[in-house]
Amino acid sequence: MGDTRPKVGDRLRVTEAGANCAPVREGQIITVHATDYDNDNGVDYVRTRLGDVDEYAYFISLDNVEPVTDEPADLIESAADASPEPTPSSSFAHHVTEAKRLLADTDHTGADVVALAVELDER
């Protein structure tokens, strides 16, 4: 049987917030940038970059991730089934709107808007 460990480009779901001191949230989807297997310490790690600007590839042990088995289309369909009508008056939607306003004059991505909205939501 072949090596079943994640490979570069695989998508993984983080199972522990702050895993290996990386700034990740439980449930966050990461993409494997590099692998660090067969170490002297016996722990296998994947490395991931966590942003467009951040050049550092964080180490996360395989104990703190799981394969993403949902296809993106399935996730969209299940989200639509769970909430068929958007709720723009929700608290999080308000944070998204506020994040867009705060980032309006900056060079930003959609991921930046969502990250800021999550931070505003956690306050």
Side-chain angles (χ1 to χ4, degrees):
M1 187 191 297
D3 191 353
T4 60
R5 295 176 295 192
K7 296 168 195 55
V8 172
D10 285 355
R11 296 173 56 229
L12 303 172
R13 181 176 289 111
V14 176
T15 59
E16 182 180 329
N20 302 102
C21 298
V24 292
R25 296 179 319 278
E26 182 178 347
Q28 182 175 348
I29 305 298
I30 61 169
T31 301
V32 177
H33 174 74
T35 59
D36 190 16
Y37 297 152
D38 304 318
N39 292 294
D40 291 339
N41 68 3
V43 179
D44 290 338
Y45 294 92
V46 292
R47 297 189 74 187
T48 187
R49 289 194 172 141
L50 298 174
D52 297 335
V53 180
D54 193 354
E55 291 296 317
Y56 184 76
Y58 292 89
F59 287 87
I60 301 177
S61 77
L62 293 187
D63 294 335
N64 296 318
V65 293
E66 63 187 14
V68 174
T69 56
D70 301 327
E71 292 298 318
D74 294 338
L75 292 175
I76 292 169
E77 289 173 13
S78 66
D81 291 342
S83 179
E85 303 221 4
T87 56
S89 62
S90 75
S91 173
F92 189 75
H94 172 73
H95 294 309
V96 170
T97 302
E98 181 66 8
K100 287 180 186 179
R101 185 186 68 75
L102 292 170
L103 295 171
D105 295 327
T106 66
D107 183 20
H108 64 278
T109 65
D112 296 330
V113 172
V114 172
L116 181 54
V118 168
E119 186 173 327
L120 291 170
D121 191 49
E122 292 175 348
R123 291 184 178 188

Name each donor-acceptor pair under 3.5 Å that joins a side chain in residues 23-35 to protein atoms two or more places apart or in another chain, with its distance.
from: Gln28; atom 1: OE1; to: Arg25; atom 2: N; distance (Å): 2.9

Give the table of side-chain donor-acceptor pairs shorter than 3.5 Å for residues 59-66, with sequence neighbours excluded, one pair per line with atom names and distance.
from: Ser61; atom 1: OG; to: Asp63; atom 2: N; distance (Å): 3.4
from: Ser61; atom 1: OG; to: Asn64; atom 2: ND2; distance (Å): 3.1
from: Asn64; atom 1: ND2; to: Asn20; atom 2: OD1; distance (Å): 3.0

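The nearest pair of heavy atoms linking Ala117 to Ala99 is N-CB, 3.9 Å.
For Asn39, the side chain to side chain contact (heavy atoms under 4.5 Å, CB included) partners are Asp36, Asn41, Tyr45, not counting sequence neighbours. The ring pair (Phe, Tyr, Trp, His ring centres under 6.0 Å) search around Tyr37 returns none, not counting sequence neighbours. Annotation: salt bridge (Lys or Arg N to Asp or Glu O under 4.0 Å) contacts of Glu16 (sequence neighbours excluded): none. Arg5 meets the side chain to side chain donor-acceptor pair (under 3.5 Å) test with Asp3, Asp38, Asp44; sequence neighbours excluded.
Here the NE2-CD distance, from His95 to Glu98, works out to 9.0 Å after rounding to the nearest 0.5 Å.
In this structure, the side chains of Asp121 and Val118 stay at 4.5 Å or more apart for every pair of heavy atoms. Taking the side chain as every heavy atom from C-beta outward, Val114 and Val96 never approach each other to under 4.5 Å.
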